[in-house]
Amino acid sequence: MGTTPPFFRLSLELRNRIYHFALLNQRAIFTQSAVQLSVSYIQLSGVYERQAAKNLCWLLTSRRFLEEGLEQFYQHATLDRCSIVRDAKFVSQDLTLDGKTSVFELGRVRAANLSVTMGKTHVVRKDNTRYNVIVPRGKERFDSVDEDFGALGRAIVGLEACGLRELKLHVHLFRTTPGIGRLLGTGSWGGDSDGDSDEDEDDDDDEDEEYDSDDTYTESYWNRYGTNLSKPSKVSGYIADFSFLKNLGTSWEKVWIQYTPTYMERYWGDEDPVAANVLAVPIIEESLAKTAKELVGGKGWALRDSLVDESLSATVWVLDVERKGKAEKTGKLEHVGLHSYLAPCDKCRQREEKFRREPAEDGMVRFVGEDCGAVVEFETPVFFGQEGGGSIVAEQ
């Protein structure tokens with residue numbers, strides 16, 4: 001009869017404390033249902049472990065180490081990355097006991113902290129109305145990107161038991177510099193002096209174009225993307241549909257969403273029009289709120305939105321939605337809209353001046369530079385076919 005190793009003579013509480021420090025800043029990388037997953041333990045700010053996955057080999061020291069170590073790992077494990085496996089040759093090796101089956105399981109993970117990148121495409125309907133449609137994107141750079149979480153969703157559905165309960169989601173619009181599309185071989189994304197993509201005028205054959213959550217996008221599909229939102233005067237409206245997020249399931253207990261407005265940089269005349277964002281940002285935020293309610297079951301929920309003022313970005317919109325009983329629906333959106341943006345300033349020559357929205361006269365929208373006081377003012381934007389509207393003017 002063997003003796004108990006000294007380590008296991010320690011109390012479980014003390015052993016768990018040791019496991020905690022052994023797991024700190026580490027991550028498990030494994031494959032499940034043709035999806036490569038990255039699941040991290042508690043990550044300290046500013047600390048990055050290059051060999052994070054390999055550092056977990058100590059779990060295989062004994063079955064007891066494995067059992068207790070994994071139990072501690074899943075107490076604070078967060079799914080933070082996923083990608084579609086296109087070629088097994090480039091997949092990181094799983095930690096296994098038998099050379100085949102990973103010791104890690106998605107079904108035991110309780111939280112997810114994911115990012116979604118959105119871009120625009122165009123729809124021209126049969127009545128000749130034109131719309132910018134805000135859709136997930138990413139495949140035009142790497143075809144392994146699970147941009148709409150379709151592959152991850154299939155992996156979740158295939159689980160016998162799923163422990164995922166808390167979702168954090170970071171949402172932002174895609175931005176590129178002119179010419180980068182040509183460099184990547186994915187078409188021309190350069191903009192014109194009006195702030196619209198060259199593709200804006202070339203999509204007249206897209207009658208009632210369908211946009212869905214399929215993983216089989218073609219290169220020509222991606223070539224129809226523009227760099228920025230079109231000006232309101234050139235389209236009949238903006239459409240934001242985040243229903244693809246339901247690929248992640250609708251059994252979450254808590255959903256936290258952070259949306260950061262686009263950095264409105266100008267690249268040789270190509271800019272994301274402020275007027276477009278004045279109209280589009282609330283549409284995007286309201287669509288996110290609608291989908292978040294569905295992610296927690298859609299029957300009962302508590303909702304709250306807030307603003308976070310960060311020094312190096314535009315004002316960030318944060319949404320918290322929590323599952324409640326069927327009859328309980330509380331809270332409403334109170335902070336939607338574009339409250340500030342970053343852009344180069346013609347007055348003080350700062351590359352990243354923050355412009356904050358301030359009260360203005362009826363029919364006007366007014367933003368003021370935080371440091372230099374430069375004023376950007378324009379008539380409340382309207383879509384093509386509506387009356388009113390006007391050009392942006394900058395007071396210096």
Side-chain angles (χ1 to χ4, degrees), residues 111-116 118 120 131-136 149 164-173 229 232 236-262 274-310 313-341 354-367 380-383 386 388:
N113 188 350
L114 302 170
S115 296
V116 59
M118 306 299 292
K120 77 164 184 187
Y131 293 87
N132 279 180
V133 183
I134 311 298
V135 293
F149 303 121
L164 289 167
R165 292 294 178 266
E166 296 186 10
L167 173 63
K168 287 188 175 182
L169 195 64
H170 304 264
V171 181
H172 57 277
L173 290 184
L229 293 170
S236 303
Y238 305 123
I239 299 172
D241 183 0
F242 288 89
S243 60
F244 69 91
L245 291 175
K246 290 189 288 185
N247 287 335
L248 296 171
T250 56
S251 299
W252 300 89
E253 292 180 357
K254 294 182 179 180
V255 173
W256 177 95
I257 297 176
Q258 175 182 287
Y259 170 63
T260 304
T262 304
V274 179
N277 282 268
V278 168
L279 293 178
V281 167
I283 293 172
I284 292 169
E285 291 170 344
E286 288 166 4
S287 179
L288 283 168
K290 176 184 176 182
T291 303
K293 295 172 187 176
E294 296 173 336
L295 292 176
V296 297
K299 296 181 180 179
W301 36 259
L303 176 149
R304 181 176 68 90
D305 69 331
S306 59
L307 300 175
V308 177
D309 197 11
E310 297 185 356
S313 78
T315 303
V316 176
W317 181 76
V318 177
L319 176 71
D320 287 283
V321 180
E322 185 174 351
R323 180 189 292 265
K324 293 293 183 181
K326 293 182 178 180
E328 187 176 357
K329 297 180 180 180
T330 61
K332 62 180 182 179
L333 298 179
E334 298 180 346
H335 301 284
V336 297
L338 182 67
H339 298 273
S340 70
Y341 66 89
K354 179 179 283 190
F355 290 84
R356 293 185 180 276
R357 190 166 183 172
E358 292 190 352
E361 298 178 0
D362 289 345
M364 301 296 293
V365 177
R366 179 184 179 93
F367 290 90
T380 301
V382 295
F383 291 117
Q386 297 177 338

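Bear in mind that the values here come from a model prediction, so they are computed numbers and not experimental data.
- At distances below 3.5 Å, at least one donor-acceptor pair connects side-chain atoms of Asp305 with backbone N or O atoms of His335.
- Of the inter-residue distances, the one linking His172 atom NE2 with Met118 atom CE reads 10.5 Å to the nearest 0.5 angstrom.
- The side-chain heavy atoms of Leu169 and Val255, taken from C-beta on, include no pair separated by under 4.5 Å.
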Applying side-chain contact (heavy atoms from CB on, under 4.5 Å), run through Thr380 and Val278 and close with a yes or a no. CA-CA 9 Å; Thr380 301; Val278 168; 5.9 Å; no
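- Classified by interplanar angle (parallel below 30°, tilted 30° to 60°, perpendicular above 60°), the ring pair Phe149/Phe244 is parallel.
- By the ring pair (Phe, Tyr, Trp, His ring centres under 6.0 Å) test, Tyr131 is found to be paired with no residue, residues two or more places apart in sequence or in another chain being considered.
- Annotation for Arg356 and Ser340: closest pair CA-CB, 4.1 Å, computed over non-hydrogen atoms.
- Distance check: Lys324 NZ to Leu303 CG gives 12.0 Å after rounding to the nearest 0.5 Å.
- Here the closest heavy-atom approach between residue Phe242 and residue Thr291 is recorded as O-CG2, 3.2 Å.
- Here the closest non-hydrogen pair linking Leu319 and Ala289 is CD2-CA, 3.6 Å.
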Kindly determine whether Val296 and Lys254 satisfy side-chain contact (heavy atoms from CB on, under 4.5 Å), including the steps that lead there. CA-CA 7 Å; Val296 297; Lys254 294 182 179 180; over 6 Å; no
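- In this structure Lys354 satisfies the salt bridge (charged side-chain N to carboxylate O under 4.0 Å, His left out) test together with Asp309, sequence neighbours excluded.
- Between His339 and Leu307 there is a side-chain heavy-atom pair separated by less than 4.5 Å.
- Using a 4.5 Å heavy-atom threshold, the side chains of Trp317 and Val281 count as separate.
- Tyr341 is not listed as a side-chain neighbour of Asn277, based on a closest heavy-atom distance of 4.5 Å or more.
- Annotation: the span from Lys120 atom NZ to Asn132 atom CG amounts to 4.5 Å, rounded to 0.5 Å.
- A pairwise comparison of heavy atoms in Lys246 and Leu295 identifies CA-CD2, 3.9 Å as the closest pair.
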Go through the steps for Lys290 and Ser243 under the test side-chain contact (heavy atoms from CB on, under 4.5 Å), then give the verdict. CA-CA 9 Å; Lys290 176 184 176 182; Ser243 60; over 6 Å; no
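- Heavy atoms only, all atoms of each residue included: Gly337 and Pro282 are closest at CA-CD, 4.1 Å.
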Chi angles and distances behind the side-chain contact (heavy atoms from CB on, under 4.5 Å) call for Val274, Leu338: CA-CA 9 Å; Val274 179; Leu338 182 67; 4.3 Å; yes
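- Below 30°, between 30° and 60°, or above 60°: for His170 and Trp256 the angle between ring planes is above 60°, a perpendicular geometry.
- Scanning all heavy atoms of the two residues, the minimum distance from Val316 to Gln258 falls at CG1-CG, 3.1 Å.
- Other residues, nucleotides and ligands place no more than 12 heavy atoms under 6.0 Å from the CD atom of Glu361.
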